[in-house]
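All residue numbers in this chain count up from 1 along the given sequence.
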Amino acid sequence: MVVIWSKEQDQLHKRNGESPFVPKDFLDGSNFQRLYQGHGEPRRVSAKGLAESFTCAVNAFVQHYWTCREDFEITADHQVEGSGHLALDEMSPKWHDDLVDHYGVGTDPEAVMKLYTSATMVVVRRVFKNCSLEPDGTVYPPGAELPSGLQPGHLGRPMALASTDEVGQATRMLFRLFQCPENIPGVNYDEFIQSDIAAWTGRKPVHFFERKPFYRALNCALSQDAPNVLKALMGIIMDMNFFINSSKHKGGVFYSGVGLGESMDIVKVGAKLRMPRFLSTTTEIRFAKSRIADKVGAALLVVRVPEGFWGAKSIKSFSSCPEEEETIFCAHALFEVERISSFKVQGKEVARIDLIALDKYDAIQYEPSAYPGGVPTDLQVESAEADATLSHRHLEEDQE
């Protein structure tokens, strides 16, 4: 499989929040659709295609925008040719075989979703936007801020840097995960990534590696519409969408605590909006409320799903927290805003956004009678106790 590296990226990368909405029509011109080429018919992915996708994805997570030279072939040891990094040495040398032996990727229809909901970690590259390094290792411009304890090029987030990218130093220092670096002081990034990096003698971007949950890295790539990573992930995404669409949903009312960031501005009653990431929801308000704290553009989504809906699936049977009665929506799911209100969580005003789930391509029309009633009042939402017992995956939900 060949990964074609590209710099094209929509202005979406400028938005903050871990779960930004996009307008309905965003899909048509997105990098996602250019690669996915979906038209309403889910497509199965071969075992070979899935293995290649995982191989490319693990490398794309760590390699992203570090080189744009084209036609990077996957080598026999499952590395991207010429990647030249050390971060993957930290991973199990048998990770590729484990995908088949442990998770059943390519043989078990549930395998990719099970891996998505697992504690699997991947290595990602983080690049600083506020400074660069001189050839002698000093910081440019002089006096530029870097977190104490930083070891450029090493694996490990500096202790002085908050674990979330939504607040504090990280918002000033780091490009968002899978954002194309640009305007770095003292570096012409286009020239840098087109060069033989090993022979580059000018100023260099400052970077480090860190681990992120696999599901988190995947969703960041979707939310940022990042072409390089999506190219590698597309087999995985197609397989997940195929699994989600393999049966129709019984319907119901579901909740999700998210950070919409600046995309809150496009949330209007009657608007049709997409959620690029795989959106996880629960039947329990208390679990959803537990995920709202400290998010940028914090909101509680209340989603009504019609009986017989195609585009969402219950994954309770293998979720790491089965009591949540988790339902997951396909990538770029479409919703219509019914109502906007607010309630308080620990004295903080939080938006409540009531949605109805629509067919992803807005082609299948569901009768109003297919949608459930029984939506809680704002007072009931506010009085519901947040649950502090969260799965390993959801504890990370607000961290980019």
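- Checked by atom type, the side-chain pair Thr327/His249 shows a donor-acceptor distance below 3.5 Å.
- Between Phe243 and Pro109, the closest heavy-atom pair is CD1-O, 3.5 Å.
- Side-chain contact between Arg304 and Phe335: absent, with no pair of heavy atoms (C-beta onward) separated by less than 4.5 Å.
- Legend: ring pair (Phe, Tyr, Trp, His ring centres under 6.0 Å) pairs involving residues 119-153, not counting sequence neighbours, sorted by first then second residue: Phe128-Phe208.
- Across all non-hydrogen atoms, the minimal contact from Pro306 to Tyr371 is CD-CE2, 3.3 Å.
- Side-chain heavy atoms closer than 4.5 Å link hydrophobic residues (I, L, V, M, F, W, Y) into clusters, and following such links, possibly through other members, connects Ile356 to Leu260.
- Between Leu230 and Pro227 there is no side-chain heavy-atom pair separated by less than 4.5 Å.
- Remark: Glu307 CD is loosely packed, at most 12 non-hydrogen atoms of other residues, nucleotides or ligands lying under 6.0 Å away.
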Worksheet item: Between Asn183 and Tyr189, is a side chain to side chain donor-acceptor pair (under 3.5 Å) present by the stated rule, with each step listed?
Response: CA-CA 8 Å; Asn183 300 323; Tyr189 201 80; over 6 Å; no
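- When every heavy atom of Ile236 is checked against every heavy atom of Ala57, the shortest pair comes out as CD1-CB, 4.1 Å.
- Identified under the salt bridge (Lys or Arg N to Asp or Glu O under 4.0 Å) test for residues 137-148, with sequence neighbours left out: Glu145-Arg172.
- In the hydrophobic cluster analysis, where Ile, Leu, Val, Met, Phe, Trp and Tyr join through side-chain heavy atoms closer than 4.5 angstrom, Met173 is grouped apart from Met159.
- A donor-acceptor pair under 3.5 Å is absent between the side-chain atoms of Ser263 and the main chain of Pro20, judged by distance alone.
- Note that CG of Leu115 and OG1 of Thr120 are 4.0 Å apart. Values are rounded to the nearest 0.5 Å.
- In this structure, Val302 and Leu355 have side chains that are not in contact, with every pair of non-hydrogen atoms separated by 4.5 Å or more.
- For the salt bridge (Lys or Arg N to Asp or Glu O under 4.0 Å) test, residues two or more places apart in sequence or in another chain that qualify with Glu134 are Arg203.
- For residues 354-376, the salt bridge (Lys or Arg N to Asp or Glu O under 4.0 Å) pairs, not counting sequence neighbours, are Lys24-Asp362, Lys272-Asp362, Arg339-Asp354, Arg352-Asp354.
- Listed for the Gln33 side chain is no donor-acceptor partner under 3.5 Å among the backbone atoms of Ser30.
- With rounding to the nearest 0.5 angstrom, the NZ atom of Lys313 is 2.5 Å from the OG atom of Ser247.
- Within the 3.5 Å criterion, the main-chain N or O of Val381 finds a donor-acceptor partner in the side chain of Lys289.
- A donor-acceptor distance shorter than 3.5 angstrom exists from the side chain of Asn245 to the backbone of Gly311, with no hydrogens or angles considered.
- Cluster annotation: Tyr366 and Leu273 are assigned to the same hydrophobic cluster (Ile/Leu/Val/Met/Phe/Trp/Tyr, side-chain heavy-atom contacts under 4.5 Å, transitive).
- When Ser314, Ser280, Ser256, Ser317 are each tested for a side chain to side chain donor-acceptor pair (under 3.5 Å) with Glu326, only one passes: Ser280.
- Atom CD of residue Glu324 and atom OG1 of residue Thr282 lie 5.0 Å apart, to the nearest 0.5 angstrom.
- Connection of Leu27 to Phe242 is not established within any shared hydrophobic cluster, with ILVMFWY side chains joined at heavy-atom distances below 4.5 Å, either directly or through further cluster members.
- Remark: Ser223 OG to Leu177 CG distance equals 10.0 Å, nearest 0.5 Å.
- Across Ile237 and Ala331, no two heavy atoms sit closer than the pair CG2-CB, 4.4 Å.
- No close placement of the Phe278 and Phe329 rings is indicated, their centers lying 6.0 Å or farther apart.
- Once rounded to the nearest 0.5 Å, the distance linking CZ of Phe32 with CG of Leu233 reads 10.5 Å.
- When side chains are defined from C-beta on, Ile364 counts as touching Trp310, because their heavy atoms get closer than 4.5 Å.
- Under 3.5 Å, the side chains of Arg216 and Asn219 contain no donor-acceptor pair of N or O atoms.
- Of all the heavy atoms in Ser19 and Val258, the pair that sits closest is CB-CB, 3.8 Å.
- A search for salt bridge (Lys or Arg N to Asp or Glu O under 4.0 Å) contacts involving Glu336 returns nothing, not counting sequence neighbours.
- In the model, Ser132 has no side-chain atom that pairs as donor or acceptor with a side-chain atom of Lys204 under 3.5 Å.
- With sequence neighbours excluded, the residues that form a salt bridge (Lys or Arg N to Asp or Glu O under 4.0 Å) with Glu284 are Arg286.
- For the salt bridge (charged side-chain N to carboxylate O under 4.0 Å, His left out) with Asp165, the lone residue among Arg176, Lys295, Arg157 that qualifies is Arg157.
- Other residues, nucleotides and ligands contribute over 12 non-hydrogen atoms within 6.0 Å of the CD atom of Glu349.
- In summary, Glu182 and Lys129 do not engage in a salt bridge, as defined by a charged side-chain N under 4.0 Å from a carboxylate O.
- Between His154 and Phe209, the distance separating the two ring centers is not shorter than 6.0 angstrom.
- Taking every heavy atom of both residues into account, Glu325 and Lys316 meet most closely at OE2-NZ, 3.1 Å.
- With 3.5 Å as the limit, one finds no donor-acceptor pair spanning the side chains of His332 and Arg274.
- Annotation: Lys348, atom NZ; neighbour count of heavy atoms from other residues, nucleotides and ligands within 6.0 Å is above 12.
- In this structure, Arg126 pairs ionically with Glu210, as a charged nitrogen and a carboxylate oxygen lie closer than 4.0 Å.
- A donor-acceptor distance shorter than 3.5 angstrom exists from the side chain of Asn31 to the backbone of Asp225, with no hydrogens or angles considered.
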Worksheet entry | Check against side chain to side chain contact (heavy atoms under 4.5 Å, CB included), Leu301 and Phe21 | CA-CA 12 Å; Leu301 306 183; Phe21 275 127; 4.2 Å; yes
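- Separating the CD1 atom in Ile285 from the CG atom in Leu300 is a distance of 7.0 Å, to the nearest 0.5 Å.
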